[in-house]
Amino acid sequence: MSDRFGIDQTIPVSDGDGFIHEDIQGSSTFPTVHVVSDSVGETARTVAQAAAAQFGVTNPKIEVLGKVKTFEEVRDHLLEHARYHVDQLGDDRLLIFYTLVDPDLRDAVHDLIESHENMHGVDLLTNAIEAMSKISGLEPKDTPGALRVADINYFKRVEALEFTIEHDDGRNPQDLTKADIVVIGVSRTSKTPVSIYLAQHGYHVANVPLDLQTDPPQELFDVDPSRIFGLISTPDALSGIRSRRIGQAASVAGSYADPEYIYEDLERARKLMRKLGCYTIRTDGKALEETCQEILTLYMRTHG
């Protein structure tokens with residue numbers, strides 16, 4: 001039997017048969033991740049994507065069986081996929097990530113996987129739940145989808161997202177002092193993505209664009225400096241991003257992507273940030289999540 005689970009850091013190409021093929025002098029492949037959940041499976045999906053990225057696979061094939069109620073659903077699903085893999089690929093190995101809060105269902109699935117030598121399962125919740133129960137002395141509720149229950153925190157996140165959308169790109173500056181966090185920066189420093197990400201975590205965020213042609217809103221100076229975060233990048237990084245942004249319109253976009261113009265743009269922004277006394281965050285070479293976590297770490301020191 002060939003080694004169908006061979007892995008290398010190459011570009012994945014989906015073939016539609018349940019595997020992602022890596023173009024490595026032939027037919028080495030990366031396995032599909034089968035997610036089983038009594039909720040929507042988003043937790044397992046995120047973990048699977050993070051794990052696959054360590055092998056150079058940034059878009060793994062993930063199949064989700066969500067909202068499961070019975071063991072029979074899971075058993076029939078997994079056995080059907082095992083048969084398919086044998087028929088189409090000559091290999092019945094399955095990689096299964098599961099998030100099941102019902103202990104009886106979780107134990108049954110565990111036993112099923114253990115009884116098949118070619119099923120490889122990862123239980124993503126049990127250790128975390130047991131550790132929290134042990135430390136806190138509390139008993140888990142065993143409620144599927146508890147993270148996404150429409151409780152008061154859910155509605156707070158919706159409200160925060162609405163506020164953030166209404167205060168994107170400098171809109172409604174009269175409300176800047178009402179924001180939990182104000183993000184400022186020149187064009188293409190990820191102000192809007194950062195704002196939306198933070199809003200999804202329940203923060204009311206406003207963002208204000210900075211440029212050489214306009215003055216910042218006066219209301220910005222009324223905001224507590226510890227709530228303002230200036231996003232900074234390098235001229236080279238911004239030039240590349242802006243050039244890709246304008247594409248074929250570069251000839252009519254003036255100096256927008258010109259490194260010298262960007263340098264002046266950034267220098268003026270830095271001068272304003274120093275005047276405001278706010279935090280500054282480098283965004284070049286960082287993932288969105290990394291930038292946002294840096295912001296939240298600083299924010300929580302004062303407003304936690």
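Keep in mind that the numbers below use all heavy atoms, side chains included, and drop hydrogens, waters and symmetry copies.
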Between [X] and [Y], a side-chain donor and acceptor under 3.5 Å:
{"X": "Asp180", "Y": "His303", "result": "no"}
{"X": "Thr126", "Y": "Arg106", "result": "yes"}
{"X": "Tyr256", "Y": "Ser187", "result": "yes"}
{"X": "Asp236", "Y": "Ser239", "result": "no"}
{"X": "Asp168", "Y": "Asn207", "result": "yes"}

Test log, rule side-chain contact (heavy atoms from CB on, under 4.5 Å), inputs Phe229 and Thr280:
CA-CA 6 Å; Phe229 294 85; Thr280 58; over 6 Å; no
Tell me if a side-chain donor or acceptor on [X] pairs with a main-chain N or O of [Y] at a distance below 3.5 Å.
{"X": "Asp175", "Y": "Lys178", "answer": "no"}
{"X": "Lys275", "Y": "Phe221", "answer": "no"}
{"X": "Ser39", "Y": "Gly41", "answer": "no"}
{"X": "Ser133", "Y": "Ile129", "answer": "no"}
{"X": "Ser243", "Y": "Gly240", "answer": "no"}
{"X": "Ser255", "Y": "Asp258", "answer": "no"}
{"X": "Arg75", "Y": "Thr70", "answer": "no"}
{"X": "Asn172", "Y": "Glu166", "answer": "yes"}

Path from [X] to [Y] over hydrophobic side-chain contacts below 4.5 Å:
{"X": "Val33", "Y": "Leu124", "result": "yes"}
{"X": "Val194", "Y": "Leu296", "result": "yes"}
{"X": "Ile295", "Y": "Val223", "result": "no"}

So do the side chains of [X] and [Y] get within less than 4.5 Å of each other, counting heavy atoms only?
{"X": "Ser233", "Y": "Arg282", "result": "no"}
{"X": "Val183", "Y": "Val208", "result": "no"}
{"X": "Ile184", "Y": "Leu220", "result": "yes"}
{"X": "Ile181", "Y": "His204", "result": "no"}
{"X": "Ile232", "Y": "Thr189", "result": "no"}
{"X": "His81", "Y": "Leu78", "result": "no"}
{"X": "Arg45", "Y": "Phe97", "result": "no"}
{"X": "Val122", "Y": "Tyr98", "result": "no"}

Evaluation steps, side-chain contact (heavy atoms from CB on, under 4.5 Å), between Leu176 and His167:
CA-CA 8 Å; Leu176 285 177; His167 297 82; 6.0 Å; no
Between Thr99 and Ser37, is the side-chain hydrogen bond (donor to acceptor under 3.5 Å, both in side chains) condition met? List the steps.
CA-CA 5 Å; Thr99 53; Ser37 175; 3.1 Å; yes
Nearest-0.5 Å distance, [atom1] of residue [X] to [atom2] of residue [Y]:
{"X": "Leu238", "Y": "Leu266", "atom1": "CG", "atom2": "CG", "result": "5.5 Å"}
{"X": "His120", "Y": "Arg93", "atom1": "NE2", "atom2": "CZ", "result": "6.0 Å"}
{"X": "Thr177", "Y": "Asp224", "atom1": "OG1", "atom2": "CG", "result": "11.0 Å"}
{"X": "Gln54", "Y": "Thr58", "atom1": "CD", "atom2": "OG1", "result": "12.0 Å"}
{"X": "Glu72", "Y": "Leu105", "atom1": "CD", "atom2": "CG", "result": "9.5 Å"}
{"X": "Ile62", "Y": "Leu95", "atom1": "CD1", "atom2": "CG", "result": "10.0 Å"}

Any ion pair linking [Y] and [X] (charged N to carboxylate O, less than 4.0 Å)?
{"X": "Arg242", "Y": "Asp265", "result": "yes"}
{"X": "Lys286", "Y": "Glu294", "result": "yes"}
{"X": "Arg268", "Y": "Asp215", "result": "yes"}
{"X": "Lys156", "Y": "Glu159", "result": "no"}

Aromatic ring proximity, centroids under 6.0 angstrom, His85 and His34
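Yes, they do, as the ring centres are separated by less than 6.0 Å.
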Tell me if the centroids of the rings in Tyr299 and Tyr279 come within less than 6.0 Å of each other.
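When the ring centroids of Tyr299 and Tyr279 are compared, they turn out to be at least 6.0 Å apart.
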If I compare all heavy atoms of [X] with all of [Y], which pair ends up nearest, and what's the gap?
{"X": "Leu272", "Y": "Pro216", "result": "CD2-CG, 3.8 Å"}
{"X": "Thr302", "Y": "Ser226", "result": "CG2-OG, 3.8 Å"}
{"X": "Val186", "Y": "Lys191", "result": "O-NZ, 3.0 Å"}
{"X": "Pro60", "Y": "Phe30", "result": "CB-CE2, 4.4 Å"}
{"X": "Pro225", "Y": "Gly277", "result": "CB-O, 3.5 Å"}

Is the CD atom of Glu117 crowded by more than 12 outside heavy atoms at less than 6.0 Å?
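Check fails, neighbour count at 12 or below.
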Kindly determine whether Lys67 and Val40 satisfy side-chain contact (heavy atoms from CB on, under 4.5 Å), including the steps that lead there.
CA-CA 6 Å; Lys67 297 288 186 179; Val40 296; 4.0 Å; yes
With side-chain contact (heavy atoms from CB on, under 4.5 Å) as the test, pick out the partner of [X] among [options].
{"X": "Asp38", "options": "Leu65, Val74, Leu100", "result": "Leu100"}
{"X": "Leu198", "options": "Leu161, Thr164, Val205", "result": "Val205"}
{"X": "Val35", "options": "Thr43, Ile96, Val47, Val64", "result": "Val64"}

Check the pair Ile135, Glu130 against side-chain contact (heavy atoms from CB on, under 4.5 Å), reporting the backbone distance first and the verdict last.
CA-CA 9 Å; Ile135 293 296; Glu130 289 179 350; over 6 Å; no
